[in-house]
Protein chains: 2
Amino acid sequence: MRASDKAYAALREDIIEWRLLPGTVLAEVEQSERLGISRTPLREALSRLTAEGLTAAGGRGVVVTDISLEDIDELFELRETLEGKAAALAAERGDAATFERLRNELLLAPALITGGDPARHDYYGLVGRLDAAIDASISNSYLAQAMRSLRVHLVRVRRLAADDATRLTAAAAEHATIAEAIAAGNSRLAEAATTVHLHRSLSHIKATHTPR
Amino acid sequence: MRASDKAYAALREDIIEWRLLPGTVLAEVEQSERLGISRTPLREALSRLTAEGLTAAGGRGVVVTDISLEDIDELFELRETLEGKAAALAAERGDAATFERLRNELLLAPALITGGDPARHDYYGLVGRLDAAIDASISNSYLAQAMRSLRVHLVRVRRLAADDATRLTAAAAEHATIAEAIAAGNSRLAEAATTVHLHRSLSHIKATHTPR
DNA sequence: GCTCGGATCTATGTATACAGAACCGTTGTG
DNA sequence: CACAACGGTTCTGTATACATAGATCCGAGC
């Protein structure tokens with residue numbers, strides 16, 4: 001693996017996990033020494049992070065960007081637009097059998113959620129597979145790219161909220177509804193189910209949001 | 001201006017204007033000598049271009065990405081989603097007087113379009129101001145960012161089509177309709193007018209598309 | 001004549017040195 | 001006592017040298 005990739009992955013992880021808090025100045029020499037590489041690959045990593053919006057180039061050095069409550073609203077507004085469209089397209093173009101299978105798995109998900117941490121990891125993987133199946137079905141690389149760049153920020157937001165078993169169980173049911181609508185080829189229902197799911201997620205995040 | 005900014009602007013311009021054709025390999029030493037800078041700032045410029053999707057990092061060096069007919073369809077699919085939402089939000093949140101003024105200017109636009117090249121430049125500026133007014137009204141930086149990254153590719157596509165006076169006159173009327181709907185605060189109409197406009201644009205581009 | 005292997009060469013990835021600019025602390029003056 | 005200007009320090013921006021990996025080409029062997 002290239003040193004710049006390593007630095008990018010490490011910094012991105014640190015930012016997403018809130019180990020590097022917003023406002024932190026990422027000085028080049030300091031970070032390059034911390035990561036054990038030279039400044040050149042580090043600069044490339046910082047460029048990529050800045051392009052993604054995780055950092056911003058201020059006058060002196062790059063700083064970790066903040067996510068305010070208004071940002072979360074904006075983020076979900078865009079997310080609703082993109083994922084709603086994606087779900088509708090998946091309903092039109094996706095493979096029904098694939099989503100039918102995902103739906104059946106999602107209906108069994110509550111067992112995973114209450115089953116402790118390793119099983120819960122399986123649940124996150126299952127949701128990820130639903131996302132991936134939608135991505136693959138839409139066959140629109142630009143839309144897929146836009147959603148990818150959104151998800152980076154969403155992971156960051158998610159870490160602010162508590163994902164308790166109650167909410168996860170409800171979310172699994174919502175996901176199952178989305179999968180069912182896609183499998184049935186009902187694009188309007190798929191979009192509506194996505195809208196509902198995202199509103200519930202947003203409400204939950206705002207309710208359990210822990211100010212830093 | 002920094003050397004990397006200069007290189008970025010120059011390469012971006014070359015790609016958008018189709019002076020650097022898809023598939024062209026941008027070798028680092030070659031381009032750095034052509035632009036009169038060293039490899040370090042050039043690499044940063046190439047990173048930015050790759051992040052935007054104008055170039056792609058292949059096994060050896062970065063290559064200028066292609067835009068196929070399918071890409072144009074995908075591009076407009078996403079564009080319809082984003083700009084439709086943006087127009088709707090602008091109708092809800094925008095300042096009516098601003099869009100009323102833009103509408104009145106757009107109604108006078110046919111005179112600019114038939115008035116030769118310098119006047120036509122004014123027309124493009126007017127459309128740009130409508131875009132900027134919508135961007136400012138939505139007050140959603142993530143959505144605005146997504147639209148910005150889309151516009152880069154759209155400029156590239158637009159150069160493939162012939163923008164004759166007939167089409168531009170029709171487009172001006174469509175833009176005026178959008179501005180009117182936003183000024184009236186009618187979000188559904190604004191979204192519908194945007195959808196119509198984009199479909200017309202896409203049809204025109206595909207009809208007059210000149211295969212390279 | 002074709003294929004496989006090695007050597008060479010070229011382009012990218014990384015490190016480092018140097019220059020220029022910005023920021024902070026200090027000092028001098030109003 | 002406050003504010004501004006100046007100098008030092010530190011950081012970024014750029015250039016260049018070096019290492020490394022991949023590709024290409026030539027030659028030998030089958």
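Every chain is numbered from 1 and lettered A, B, ... according to where its sequence line falls, protein lines coming before strand lines.
Close to D:dT14, at under 4.0 Å from its OP1 or OP2, lies a side-chain N or O of B:S4.
Enclosure of atom CZ in B:R200 is not indicated, since only 12 or fewer non-hydrogen atoms of other residues, nucleotides or ligands lie within 6.0 angstrom.
One can place CE of B:M1 at 21 Å from P of D:dT12, the figure rounded to the nearest angstrom. Atoms NZ (B:K6) and P (D:dG13) sit 17 Å apart, rounded to a whole Å. The separation between A:D5 atom CG and C:dG13 atom P is 9 Å, rounded to whole Å. The interatomic distance linking A:R43 (CZ) with C:dT12 (P) rounds to 19 Å, in whole Å. Across the protein-nucleic acid pair, B:E30 atom CD and C:dA11 atom P stand 9 Å apart, rounded to whole Å. D:dC11 atom C1' lies 14 Å from atom CD of A:Q31, rounded to whole Å. Separating the OH atom of A:Y8 from the P atom of C:dG13 is a distance of 16 Å, rounded to the nearest angstrom. Between the C1' atom of D:dG13 and the CD atom of A:E44 lies a distance of 16 Å, rounded to the nearest Å.
With C:dA15, D:dT12, C:dT12 as the candidates, the nucleotide lying closest to the side chain of A:E28 is D:dT12. For B:V29, whose side chain is taken as the heavy atoms from C-beta onward, the closest listed nucleotide among D:dT14, C:dA11, C:dG13 is C:dA11.
Checking side-chain atoms of A:S187 against main-chain N and O of A:E92 turns up no donor-acceptor pair under 3.5 Å. Judged by distance alone, with hydrogens and angles left aside, the side-chain atoms of B:R39 form no donor-acceptor pair with the main-chain N or O of B:V29 at under 3.5 Å.
The base of D:dT16 lies close enough to the side chain of B:T40 for a donor and an acceptor atom to sit less than 3.5 Å apart. Contact of B:R39 with C:dG13 (side chain to base): a donor-acceptor pair of N or O atoms is detected under 3.5 Å.
In this pair, A:H197 and A:H175 present their aromatic rings tilted. The plane angle is within the 30 to 60° band.
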